Amino acid sequence: MTDALMPTYARQDIAFSHGRGARLYASDGREFIDFAAGVAVNSLGHAHPKLLAALKEQADKLWHVSNLWRVPEAERLAGRLCASSFADVAFFANSGAEAVEAAIKTARKHFAARGQPQRWHIIAFKGAFHGRTLATIAAAGNDRHLEGFGEPCGGFTQVAPGDIAALAAAITDHTAAVMLEPVRGESGVQPFGDDFLRQVRTLCDERGLLLIFDEVQTGIGRTGRLFAYEHAGVAPDIMALAKGLGGGFPIGACLATADAAAGMTAGTHGSTFGGNPLAMAAAHAVLDVVADAAFLATVRDKGERLKARLEALRANTPNLIAEVRGRGLMLGLVCNRPVTEIIAAALEHGVLLVPSGDGRTARLLPPLTITDDEIGEGLTRLEQALAATSRG
Ligand SMILES: *Cc1c(COP(=O)(O)O)cnc(C)c1O
């Protein structure tokens, strides 16, 4: 391994050379079933023909021009995302954290533009994850991520998930918005629950607050609906998207209602790369596949079958697996062993999983296009890995 990379990741010692669908091939010749999908990024798997064709076609025409001029591909993508969501307008960035930053700035500027600049605080939830920039680590309030980086950015508090009274009590004259992930991914696939989301929406309406959903991980079909908020039947005012939207090409998006985004006028925000034609072409290709009722129904079906198989696995190895959580193809296997041990055993047996920040939950986030055969093979390997772990 090279010493020139800043060692900010605890990487497993393996490198991949190519992939097809939900299979990845390592440079040493080994083959893997990919239940990680680049942490919910490769929504169409690897080397999807439509994504490849779209990128190659765009690469031949134009890569980048800057937002000094109109970008028709971005105008059209914003239109598509808005037409299939609650939103009226979109801002394009390049990552999840940037999308969340744009969401935070949109909420703050909304109140400033309405003559209430003192309302710029955001209430988030304990155990949240919103990215690794200075504002997003302050928003999540995770000590492990804040440690050593100086005084956290101001204007953020966190309350206990599921506690509507605590949320109501945390609202002050300075509060602008409430921000949450409908299913907290990084902290171990923890859903807030549809009832709680509805309660939060009602509270925000009563108190005149904006509601921000961080759907960076849950969005773009991951939970079996195009956006996770659809399960609860309530929409946010502002939403951050990223991971699955580009199918592997870096892109982030902040969507908002016209009212919520009223302060985001010319000169208030920007991004050099955001909305670049290559990223737009990738996202269009992803939406061509995912933003389709029949496709989303297959995601829900596959998710239910996978979850049922994991439940059976839990019943057979209760000493190893404590709980199965999640929705669609965003599932968490809560283990009674350190998750690093489970993930190492899975790798050894040819299946890739994603750890969670809680240290005991393995995430299954396969490509949304994964086939039943690939799911079956991945599960067989996972069973073998778990059997080896309980023996070991
Ligand atoms: C991954 C993630 C982010 C951060 O995305 P980056 O692209 O790594 O900046 C933010 N919010 C949620 C919910 C995420 O899962």
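The structure displayed is predicted, hence computed values, not measured ones. Count residues from 1 along the sequence. In each ligand, atom 1 is the first atom listed, and ligand 1 is the first ligand listed.
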TODO: Would you verify whether the NZ or CZ of R184 falls within 45 degrees of the ring axis of F192 while also being under 6.0 Å from that six-membered ring's centre?
DONE: yes
What short N/O contacts, under 3.5 Å, does ligand 1 make with the protein, listed by atom pair and distance?
{"unit_1": "ligand 1", "atom_1": "7 (O)", "unit_2": "G96", "atom_2": "N", "d": "2.8"}
{"unit_1": "ligand 1", "atom_1": "9 (O)", "unit_2": "G96", "atom_2": "N", "d": "3.4"}
{"unit_1": "ligand 1", "atom_1": "9 (O)", "unit_2": "A97", "atom_2": "N", "d": "2.7"}
{"unit_1": "ligand 1", "atom_1": "11 (N)", "unit_2": "F129", "atom_2": "O", "d": "3.4"}
{"unit_1": "ligand 1", "atom_1": "11 (N)", "unit_2": "D214", "atom_2": "OD1", "d": "3.4"}
{"unit_1": "ligand 1", "atom_1": "11 (N)", "unit_2": "D214", "atom_2": "OD2", "d": "2.7"}
{"unit_1": "ligand 1", "atom_1": "15 (O)", "unit_2": "Q217", "atom_2": "NE2", "d": "2.8"}
{"unit_1": "ligand 1", "atom_1": "15 (O)", "unit_2": "K243", "atom_2": "NZ", "d": "2.6"}

TODO: Sort out for me which residue in E73, R80, Q58, K50 forms a side-chain hydrogen bond (donor to acceptor under 3.5 Å, both in side chains) with H284.
DONE: R80
Task: L352 reachable from L313 in the ILVMFWY side-chain graph, under 4.5 Å edges - done: no
Task: Test item: side-chain donor near acceptor, T380 and E383, under 3.5 Å - done: no
Task: Distance-only side-chain donor-acceptor flag, H231 / T223, under 3.5 Å - done: yes
Task: Nearest atoms (heavy-atom pairs only) where L81 meets F92 - done: CD1-CE2, 3.9 Å
